[in-house]
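FYI, side chains are in, hydrogens and waters are out, and symmetry mates aren't considered; it's all heavy atoms of this structure. On a predicted model such as this, the values are computed, not experimentally measured, just so you know.
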Amino acid sequence: MKVALVNPFWTYEDSIYFGCRQPHLPLELGYSKALLEADGHQVLMLDGQIQKLDNAALADRVAAFAPAMTVVSTAPTYLFWRCAPPELRVPADFLNSLAGRGGRTVAVGPHGSATPAPTLRKLGVDVVVRGECEEVVAELARRDNWNAVPHTAHLHEGKTVGNGGVHASSFVGHPPLNWPSDWIAAHSHHHHRFDDDQVGFGAEVEASRGCPYNCSFCAKIDFRDAYRRRNHDAIVTEIDRLIGQGVGYIYFIDEIFLPQKALLEALVDRDVKFGVQTRIDLWKPELLELLGAAGCVSIEAGLESLTVEGRAMLAKRCRLGTEELAALLVNARRHVPFVQANLIGVIEDDPALVDHWRKHLIDRGVWANEPVPLYPYPSSPSYRELWGEPDDLAWERAHEHYLASFRTFSDIQEKRPRALAELEATCCSH
């Protein structure tokens, strides 16, 4: 079978989107391609941003390939499934341009995972995959009867029919990924890197998936939830391939990069820098030293709140006090050029106390951002505490709540975001 895997040409005008807007490797499509090709399928993988192809050009490439199945992602990369653009205008624009020329169509991503019915209606695809997608995409390619494939949903006579819940990939045995050299050469961005020595191309790698914690703000209930660690040899082989293609910086997309001594020791001997997102309370001083020696140049530390009360409200399950956390962050900064304490706007936090600790950290070389507003994504505990299980209007409800709750937004947003219905009005017309 011929299968097209498409990461559309992403644009973010008037969006609340919090994630990085530079091109990143579409890891979910990379895994899907590896599994499909192992089964003998012919695969065309496209990425609009990396290849500088708009959605019309992507659609023409797919049509020329004449696939029996076309898969489109509703988030820019696995890295941003937890904070995807709420609106579906970009994948809808690609599918509208494709106009039936791509065989049967499949949507993968956080939208169909949490809210399959509106995703099916807005995009007009034949099937959505619920949960992590790579094995399910491979199974769809094996079967003629898609209605029998687990972890999918489709429309029948206007009603949503689901087949099983969300899928969690085994992940542990995923093979090393291969990326086209021209894609790597187009990946000049070093995600979350702020030191001056930016040599070589950038790339993303996944060493683990999921997180053992259940913080209230984290959108992971329907995907990338349970913690799994990938095979060490596969990770190292993938990294060596990237280095061979000229990559000088890797960003580990892991929800929580836990201390992996064997991986860090392997990286010590390799000429590559890297960045991670983690919880600083899980690192001992000697492992922070090893992290720096291994080549880490950027740490996003999910502190979220600078008060005990705020961390408790966010269900952080953190046993350390603010002074101890601050000491660990400062210690990390001794070994790593850039360390950030990620902060979220928490009502319980005293602004004066937050200002005190932000100044304390910044004066010692640790960046602590202005607390950013919290968006209650449908796959987060915070959404379900407010409204229960997501329904067909979950994204609209979360969006309206966010716009009504805050006057200032993330500093990545140049102006006030627009309502979801306005963003989707022109494209999501199925």
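Taking a cutoff of 4.0 Å between a charged side-chain nitrogen and a carboxylate oxygen, Arg224 and Glu255 qualify as a salt bridge. Ion pair Lys273/Asp195 not flagged as a salt bridge, since none of the NZ, NE, NH1 or NH2 atoms sits closer than 4.0 Å to an Asp/Glu carboxylate oxygen. Under a 4.0 Å N-O distance rule, the pair Glu206/Arg209 qualifies as a salt bridge. Salt bridge status for Arg230 with Glu238: present, with a side-chain N to carboxylate O gap under 4.0 Å.
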Anything under 3.5 Å between a donor and an acceptor, one on a side chain of residues 4-13, the other on a protein residue two or more places apart or in another chain? List them.
| unit_1 | atom_1 | unit_2 | atom_2 | d |
| --- | --- | --- | --- | --- |
| Asn7 | OD1 | Trp10 | NE1 | 3.0 |
| Asn7 | ND2 | Asp47 | OD2 | 2.7 |
| Asn7 | ND2 | Pro76 | O | 2.9 |
| Trp10 | NE1 | Pro8 | O | 3.4 |

Can you give the donor-acceptor pairs under 3.5 Å from side chains of residues 286-301 to other protein atoms, not counting sequence neighbours?
| unit_1 | atom_1 | unit_2 | atom_2 | d |
| --- | --- | --- | --- | --- |
| Ser298 | OG | His192 | O | 2.3 |
| Ser298 | OG | His192 | ND1 | 2.9 |
| Glu300 | OE2 | Tyr251 | OH | 2.4 |

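Asp254 has its side chain out of reach of Thr278: every pair of non-hydrogen atoms, C-beta onward, lies at least 4.5 Å apart. Using a 4.5 Å heavy-atom cutoff, the side chains of Gln277 and Ile256 are not in contact.
Pairs engaging residues 77-87 under the side chain to side chain donor-acceptor pair (under 3.5 Å) rule: Ser15-Glu87, Glu28-Trp81, Tyr78-Glu134 [sequence neighbours left out].
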Would you please test His167 and Glu135 for side-chain hydrogen bond (donor to acceptor under 3.5 Å, both in side chains) and show each step?
CA-CA 9 Å; His167 176 63; Glu135 288 97 345; 3.2 Å; yes
Ser113 vs Asp222, side-chain hydrogen bond (donor to acceptor under 3.5 Å, both in side chains): CA-CA, chis, key distance, verdict:
CA-CA 6 Å; Ser113 300; Asp222 299 301; over 6 Å; no
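Taking the six-membered ring where tryptophan is involved, the planes of Tyr249 and His190 are essentially parallel, since the angle between them stays under 30° and well short of 60°.
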